[in-house]
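Whatever order the structure lists ligands and atoms in, that order sets their numbers, starting from 1. It should be emphasised that the depicted structure is a prediction, and the values quoted were computed from it without experimental measurement.
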Amino acid sequence: MSAPIIVLDELRKCYGELVAADRLSMSIPAGEIFGFLGANGAGKTTTMRMLCGLTKPTSGHGSIAGHDIWNERNSIRAKFGYVAQKFSLYPDLTVLENLRFFAGAYRVPVGERESRISRLLRQTDIEGKRNAKAGSLSGGMKQLLAVACALIHDPLLLFLDEPTSGLDPVHRQQMWDLLYDLSHAGTTIFVTTHYMDEAERCTEVGFIHKGKLLVKDSPHDLKEKFKNKLLELQVDPVMPALVQLRAAAGVLGVSLRSGRARVYAAEPEELLDQWKKNWPFAELKLLGHRWVDPDMEDVFKAYSQGYNEMLRS
Ligand code: ATP
């Protein structure tokens with residue numbers, strides 16, 4: 001594994017009484033696509049803003065490429081790019097003018113600017129829009145332009161705060177293809193997302209919940225943390241089944257997947273044996289069952305809901 005490019009050491013941020021990021025410690029090796037996951041308000045943006053030197057940590061430390069994220073914030077800005085949730089493009093400037101503006105702001109050598117801009121326009125596939133006003137672009141194109149602007153100084157590391165939020169599937173795919181290309185070329189990616197299918201695409205994922213880092217691992221190893229496969233029941237009618245199963249003894253939670261009830265339980269085999277002998281739900285018909293491998297949505301659910309009995313410690 002390569003040396004860490006990002007290190008967080010007991011990093012903490014409080015807003016008055018509220019602890020938005022609670023003693024976060026982790027390191028992220030160079031070259032990773034690190035996915036930072038959590039519900040709304042979990043503390044993702046706060047953490048990213050601390051890493052980018054935009055908000056001062058209350059306590060603890062963080063470093064990027066060995067430099068302190070707060071004390072050396074001005075000198076390390078050139079090492080990373082940041083695409084905020086609400087990005088700061090200039091809507092009245094064209095695509096090209098926005099890129100030129102950011103090239104100036106990041107002090108890209110004048111002789112390199114036009115070739116770099118041409119490469120980024122190609123890479124983000126917005127060449128055809130070079131003379132369009134940024135404000136007239138679709139949401140997806142705006143995001144791609146925001147990424148292009150954040151890459152204008154060839155950073156080692158790119159932070160993206162929910163870059164695919166609100167994008168259609170085609171633009172989401174396009175964004176991920178771009179992130180893969182960047183990663184392939186050696187850029188480390190730190191990305192926040194709500195989408196579990198996107199978590200699958202990361203080399204490592206960290207789950208943050210109420211400011212605390214619950215777990216950090218590869219998607220493969222996170223799924224391996226489940227002690228058992230998951231029980232899925234085909235029940236009719238399925239919607240009332242979700243409610244009744246959720247309230248049953250031994251059941252931690254239930255979710256609807258492809259018309260089936262996916263049951264979260266510490267002892268699912270015992271539960272199924274018991275139900276086969278004595279089905280306790282008079283209004284529900286059990287049509288069948290199957291065992292399924294957990295996916296990232298299950299991982300997220302188990303960690304965020306605290307289904308610890310289902311997980312290896
Ligand atoms: P989302 O997915 O909605 O963007 P998030 O995981 O990025 O959420 P944060 O934006 O980091 O979460 O917010 C974490 C907590 O800190 C929330 O309770 C939020 O209301 C609070 N918070 C964030 N910024 C401030 C601020 N400037 N002042 C006070 N509270 C704040």
remark   = Tested for side chain to side chain donor-acceptor pair (under 3.5 Å) against D295, the lone hit among K223, R257, K301 is R257

task = To the nearest 0.5 Å, tell me how far I126 CD1 sits from M141 CE.
result = 8.0 Å

Note the single closest protein heavy atom to [atom], along with its residue, its atom name and the distance in Å.
{"atom": "atom 3 (O) of ligand 1", "result": "N40 ND2, 2.9 Å"}
{"atom": "atom 4 (O) of ligand 1", "result": "Q85 NE2, 3.1 Å"}
{"atom": "atom 23 (C) of ligand 1", "result": "Y15 CE1, 3.5 Å"}
{"atom": "atom 10 (O) of ligand 1", "result": "T45 CB, 3.6 Å"}

Within-cut-off N or O pair, [X] and ligand 1, under 3.5 Å:
{"X": "A42", "result": "yes"}
{"X": "T47", "result": "no"}
{"X": "A20", "result": "no"}

message = Side chains of Y264 and S255: any donor to acceptor distance under 3.5 Å?
response = yes

message = Is it the case that the side chains of S63 and D68 hold a donor-acceptor pair, with the cut-off being a distance below 3.5 Å and no angle test?
response =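 Distance-only check fails for D68 and S63.
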
Among [options], which one has a heavy atom closest to [atom]?
{"atom": "atom 5 (P) of ligand 1", "options": "H194, K44, K210", "answer": "K44"}
{"atom": "atom 9 (P) of ligand 1", "options": "T192, T46, T55", "answer": "T46"}
{"atom": "atom 15 (C) of ligand 1", "options": "C14, G16, G41", "answer": "G41"}

inquiry  = Below 4.0 Å from ligand 1: does a non-hydrogen atom of M48 turn up there or not?
reply    =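 Outside the 4.0 Å threshold, so no.
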
request  = Answer with yes or no whether G38 contacts ligand 1, where contact means a heavy atom under 4.0 Å from a ligand atom.
outcome  =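 Under 4.0 Å: no for G38.
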
message = Can you tell me which portion of A39 lies within the under-4.0 Å heavy-atom range of ligand 1? Options are side chain, backbone, both, or neither.
response = backbone

message = Below a 4.0 angstrom heavy-atom separation, can you tell me which part of L18, side chain or backbone, both or neither, approaches ligand 1?
response =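 For L18, only side-chain atoms sit under 4.0 Å from ligand 1.
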
query = Around K56, counting heavy atoms of other residues, nucleotides and ligands shown, do more than 12 lie under 6.0 Å from its NZ?
reply =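 No, because the 6.0 Å sphere around NZ of K56 holds 12 heavy atoms or fewer from other groups.
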
message = Under a 4.0 angstrom heavy-atom cut-off, which atoms of ligand 1 come close to E162?
response = 1 (P), 2 (O), 4 (O)

ask   = So, is the end of the R312 side chain (NZ or CZ) under 6.0 Å from the ring centre of F226 and within 45° of the ring's axis?
value = no

If we only count heavy atoms from C-beta on, is the [X] to [Y] side-chain gap below 4.5 Å?
{"X": "K133", "Y": "E97", "answer": "no"}
{"X": "M310", "Y": "K225", "answer": "no"}
{"X": "V254", "Y": "Q244", "answer": "no"}
{"X": "E200", "Y": "H220", "answer": "no"}

message = Any protein heavy atom at under 4.0 Å, with atom 20 (O) of ligand 1 as the reference point?
response = no

